[in-house]
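Following: one structure in structure tokens, then a few remarks.
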Amino acid sequence: MKALVYHGPGLLSWDDAPHPVLEADGDVIVKITSTTICGTDLHILKGDVPEVRPGTILGHEAVGTVVEKGSGVTTVDVGDRVLVSCISSCGRCRFCKEGRYGLCTGGGGWIFGHLIDGLQAEYARVPFADTSVYNVPEELSDEQVLFLADILPTAFEVGVLAGGVEPGDTVAIVGAGPIGLAAIMTAKLLTPGTIVAIDLAERRLERARAFGADVTINNGTQDAVEAVMALTDGLGADVAIEAVGVPETFELCTELIRPGGRIANVGVHGHPATLHLEKLWIRDVTITTGLVDTNTTARLMKLIAEGRLDPLAFATHRYPLASVLEAYDTFAAAAETDALKVVLEAEPIVGDRPKRELAGVAG
Ligand SMILES: [Zn+2]
Ligand SMILES: [Zn+2]
């Protein structure tokens, strides 16, 4: 089969790779039909995630069809269309039992395209299938559910829910890239009073308004703290969601938050940020961090099926799976290409799996 293989910092290629095989009773093999690229993949490519060893197939977000299953798999069948999430759950460890799948100590957590081969490939081995994949309702397209693999639950859980957004709140979202926009979209589920989006790029702020931001602030030309204070009678935002991952944006959140407010950090940081405890301690500010658990994925899928959440606007570019390298270029140059999420599509299965591939597994 073909797969996108990481060969070390700056090096990616669309290679011939061994067809994945079942390694444990709980595994399934999935033929990928749709996959996408994440900002985290770009971090890996830069060498920021050294646990990813050269030779690893990248990707942790996909929809596909189960083509083989291990003897222990009971809730998923061959032929089922499934969402493969960025987080896997062993279902047995302490954290999985608490619904904290992101912290799984039993071999799950974020493993695809990180610790094991990922999903930007024609086929993938998916461990812990019973507790990790989601059956996709027939009426939903791949693209409607694809962003449930990462950005929607990440923004909702690590941003909106961790930030404790409540009806009427002023929610400041710093960064209007895919995660910031997903935070805007999912914050609306909790009817905040005002959603304020803050970014440096006018084009992204325009998009933030289209996604439902009530107020946008360009902090390249405006003082964001002053603008938020003006909106909140000088108090500050009830909730601030950090959706960039650089020290300046985190520190901005600590400046525009009201006393007793909540800062939810979603961005992936590569450098230390300064925590001004000398100013914050007396203001009763809560700061949360986290990796997504994906324990809201099924609920969000239901909202999509019921027409209450429409993530199709995230898909700005589409490529055939074999053009994944071109797709990476488009995604990496988002400032010029205006890309949010780049969807890679493979041909769906028609009829039975071709014999030559079965022969490949046996060989
Ligand atoms: Zn991702
Ligand atoms: Zn676990």
Side-chain angles (χ1 to χ4, degrees), residues 4 6 12 24 26-27 32 34-46 48-49 51-52 56-63 72 83-121 124 126-134 143 145-159 175 177-183 186 243-245 266-270 290-297 300 311 314-316 324 327-328 331-332 334 339-344:
L4 185 78
Y6 171 70
L12 273 186
D27 290 355
I32 304 297
S34 298
T35 180
T36 180
I37 306 169
C38 181
T40 307
D41 296 321
L42 301 182
H43 277 292
I44 294 170
L45 193 54
K46 278 190 217 147
D48 291 347
V49 191
E51 310 89 83
V52 181
T56 303
I57 296 169
L58 294 188
H60 55 258
E61 305 171 49
V63 178
L83 168 74
V84 187
S85 162
C86 62
I87 299 294
S88 301
S89 159
C90 79
R92 295 177 178 175
C93 74
R94 172 205 160 166
F95 294 113
C96 284
K97 284 179 175 165
E98 293 174 357
R100 305 292 316 272
Y101 315 127
L103 298 175
C104 177
T105 55
W110 174 36
I111 54 175
F112 292 117
H114 180 209
L115 307 177
I116 69 169
D117 280 334
L119 309 174
Q120 289 161 2
V126 176
F128 309 118
D130 276 338
T131 43
S132 302
V133 305
Y134 301 82
E143 212 170 280
V145 297
L146 181 59
F147 310 123
L148 288 173
D150 188 343
I151 57 168
L152 285 168
T154 295
F156 187 49
E157 293 174 20
V158 188
I179 287 284
L181 295 173
T186 55
V244 182
V266 192
V268 177
H269 289 260
L291 170 68
V292 64
D293 287 313
T294 66
N295 53 26
T296 64
T297 303
L300 292 169
F314 284 105
T316 54
V324 60
Y328 262 81
F331 184 66
L340 281 180
K341 291 294 271 185
V342 173
V343 178
L344 292 151

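The model shown is predicted, which means the values in this text are computed figures rather than measured ones. The first residue of the sequence shown is numbered 1, and numbering continues consecutively from there. Counting starts at 1 for both ligands and their atoms, in listed order.
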If you round to 10 degrees, what value do you get for the angle at the Zn ion (ligand 1) between Asp150 atom OD2 and His60 atom NE2? 110°
What angle, in degrees and rounded to 10°, do you get at the Zn ion (ligand 2) when you join it to SG of Cys96 and to SG of Cys104? 100°
Please confirm whether the backbone N or O of Thr36 pairs with a side-chain atom of Lys341, one donor and one acceptor, at under 3.5 Å? no
Between Asn295 and Gly99 (side chain of the first, backbone of the second, donor and acceptor by atom type, cut-off under 3.5 Å), is there such a pair? yes
Below 2.8 Å, can you find an N, O or S atom of Cys38 next to the Zn ion (ligand 1)? yes
Per residue Glu61, nearest N, O or S atom to the Zn ion (ligand 1) is named OE2
Within the 4.5 Å heavy-atom criterion, are Thr56 and Phe112 side-chain neighbours or not? no
Heavy-atom closest pair, residues Val63 and Leu83: CG2-CD1, 4.1 Å
